Amino acid sequence: MDLTLIGYISILTLAVAIIFLKWKSNSILLFILFVNAFTEIVTSFKGVSVWIPNLYVYAHQMLWFYFLFKFFSYEKKMSAIFLFYTLFFIIDISLIERHSSFSSYSFIVGTFIYVLSFILLSSSFLEHEKFSLFQSNSYILAFSPVLFLLGMSIIFGFKEKYLNSIIITEGITLHTFGFVGPYLNSITIFRITLYTLINSPCNVIYYGLINLYIYKENKSHVHA
């Protein structure tokens, strides 16, 4: 088991949400956080089937679609988008990328749908001067996955793995700071790849905004 820092953050965020949020009014978010944490844990083991991350992509995108359209009270288009995305996902894993590889196209298409819908719906409410929506806590939550989706789409857009492993900074070894020893001399810190440069900030912002939502949501109930 090789759980990453982002994996620990996802598990901690799920735990915080379970403790401080009301299930009935935040069930979608709790489902999303459960899917995230479950996928991080399972994929930390070696030899995991690619079906796990592929199902994660489908569940993650669909849950966020559902939240977005419910939040903006735009359910009339929800069924059509659900159907379109489900069909695209099936075609992607069956004919395009097939079940033996990660469904990056499904993730990218899901990102396009979510981000475009978020922009158009926000613009519509802004045009009708419904400013209270932009001050709501739920709007923070609706915005939380935007940068994450865009950042990860950039990563998944590079089908050549060597592009994601491009080294931005070589880093420095602990020997530089005066540490001595065969093991310590081999430890490198501040080594940043293109993948890390994009993935880490996007995840920090993603979970940071979700935790901000949890904090404000709990605070509003405490003072209610």
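From a predicted model like this one, the values you see are computed outputs, not experimental measurements.
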(request) Apply side-chain contact (heavy atoms from CB on, under 4.5 Å) to the pair I18 and L33, showing each step before the final yes or no. (result) CA-CA 10 Å; I18 291 172; L33 292 175; over 6 Å; no

(request) Tell me whether the centres of the aromatic rings in F125 and F134 are closer together than 6.0 Å. (result) no

(request) Could you state whether I6 and V16 fall into the same hydrophobic cluster, counting links through intermediate Ile, Leu, Val, Met, Phe, Trp or Tyr residues with side-chain heavy atoms under 4.5 angstrom apart? (result) yes

(message) Before we go on, tell me: are the rings of W23 and F31 under 6.0 Å apart, centre to centre?
(response) yes

(request) Indicate yes or no for a side-chain donor-acceptor contact from D92 to the backbone of F88 under 3.5 Å, with no hydrogens or angles considered. (result) no

(request) Could you tell me how the ring of Y114 sits relative to the ring of F65: parallel (under 30°), tilted (30 to 60°) or perpendicular (over 60°)? (result) parallel

(message) Membership question, hydrophobic clusters at under 4.5 Å side-chain separation (ILVMFWY): are F69 and F84 in the same one?
(response) yes

(message) Looking at every non-hydrogen atom in both residues, tell me the closest pair between T43 and V48 and how far apart they are.
(response) CA-CG2, 4.1 Å

(request) With the side chain counted from C-beta on, respond yes when T4 and E40 share a heavy-atom pair under 4.5 Å apart, and no when they do not. (result) yes

(message) How long is the straight-line distance from CG of L150 back to OG1 of T111, given to the nearest 0.5 Å?
(response) 6.5 Å

(message) So, taking the atom named CE in M78 and the one named CE in M62, what distance separates them when rounded to the nearest 0.5 Å?
(response) 9.5 Å

(message) How close do A17 and I214 get, counting heavy atoms only, and between which atoms?
(response) CB-CD1, 3.7 Å

(message) Side-chain heavy atoms nearer than 4.5 Å, only ILVMFWY residues, links allowed to pass through others: does that put L116 and I108 together?
(response) no

(message) Is any side-chain heavy atom of Y207 closer than 4.5 Å to one of L12?
(response) no

(request) For the residue pair N36 and S10, confirm or rule out a side-chain donor-acceptor distance under 3.5 Å. (result) no

(message) For S117 and Y74, which I'm curious about, is there any donor-acceptor pair between the side chains at under 3.5 Å?
(response) no

(request) Answer yes or no: is there a donor N or O on one side and an acceptor on the other, between the side chain of S153 and the main chain of L149, under 3.5 Å? (result) yes

(message) Could you check whether F148 and H60 have their ring centres less than 6.0 Å apart?
(response) yes

(request) Compare every heavy atom of L14 with every heavy atom of L30, then report the nearest pair and how far apart it is. (result) O-CD1, 4.1 Å

(request) Starting at OG of S136, measure out to NZ of K216 and round the result to the nearest 0.5 Å. (result) 8.5 Å

(message) Between S144 (side chain only) and L141 (backbone N and O only), is there a donor and an acceptor less than 3.5 Å apart?
(response) yes

(request) To the nearest 0.5 angstrom, please state how far the CD1 atom of I140 sits from the CG atom of L212. (result) 4.5 Å

(request) Using atom types as modelled and distance alone, determine if a side-chain donor or acceptor of S122 lies under 3.5 Å from a backbone N or O of I119. (result) no

(request) With rounding to the nearest 0.5 Å, note down the distance linking CG in L147 to CD1 in I205. (result) 5.0 Å

(request) Say whether S106 and Q61, considering side chains only, have a donor N or O and an acceptor N or O under 3.5 Å apart. (result) no

(message) Membership question, hydrophobic clusters at under 4.5 Å side-chain separation (ILVMFWY): are L120 and F118 in the same one?
(response) no

(message) Show the nearest heavy-atom pair for residues F82 and T86, with the distance to one decimal.
(response) O-OG1, 2.7 Å

(request) For S103 and N54, test the side chains for any donor-to-acceptor distance below 3.5 angstrom and give the result as yes or no. (result) yes

(message) Quiz question: by atom type and distance under 3.5 Å, do the side chains of N211 and T13 form a donor-acceptor pair?
(response) yes

(request) Check the hydrophobic clustering (I, L, V, M, F, W, Y; side-chain heavy atoms under 4.5 Å; chains of links allowed) and say if F89 and L87 are grouped together. (result) no

(message) Rounded to the nearest 0.5 Å, what separates atom CD1 in I90 from atom CG in L95?
(response) 10.5 Å

(message) Restricting to non-hydrogen atoms, name the atom on L63 and the atom on I28 that form the minimum distance, rounded to 0.1 Å.
(response) O-CG2, 3.6 Å

(request) Look at the side chain of E97 and the backbone N and O of Y105, then say whether any donor-acceptor pair between them is shorter than 3.5 Å. (result) yes

(message) Keeping S94 on the side-chain end and I91 on the backbone end, is there a donor-acceptor pair under 3.5 Å?
(response) no

(message) Here's a test for you: under ring pair (Phe, Tyr, Trp, His ring centres under 6.0 Å), which of Y56, F156, W51 qualifies with F102?
(response) F156

(request) Keeping the roles fixed (side chain from S49, backbone from I52), state whether a donor-acceptor pair exists under 3.5 Å. (result) no

(request) Taking the six-membered ring for Trp and the full ring for Phe, Tyr or His, determine whether the centres of F112 and Y85 are under 6.0 Å apart. (result) no

(message) If we check side-chain contact (heavy atoms from CB on, under 4.5 Å) with L29, which of these qualifies: F34, Y213, F67?
(response) Y213

(request) Mind listing the closest non-hydrogen atom pair of F20 and N218 along with its distance? (result) O-OD1, 3.5 Å

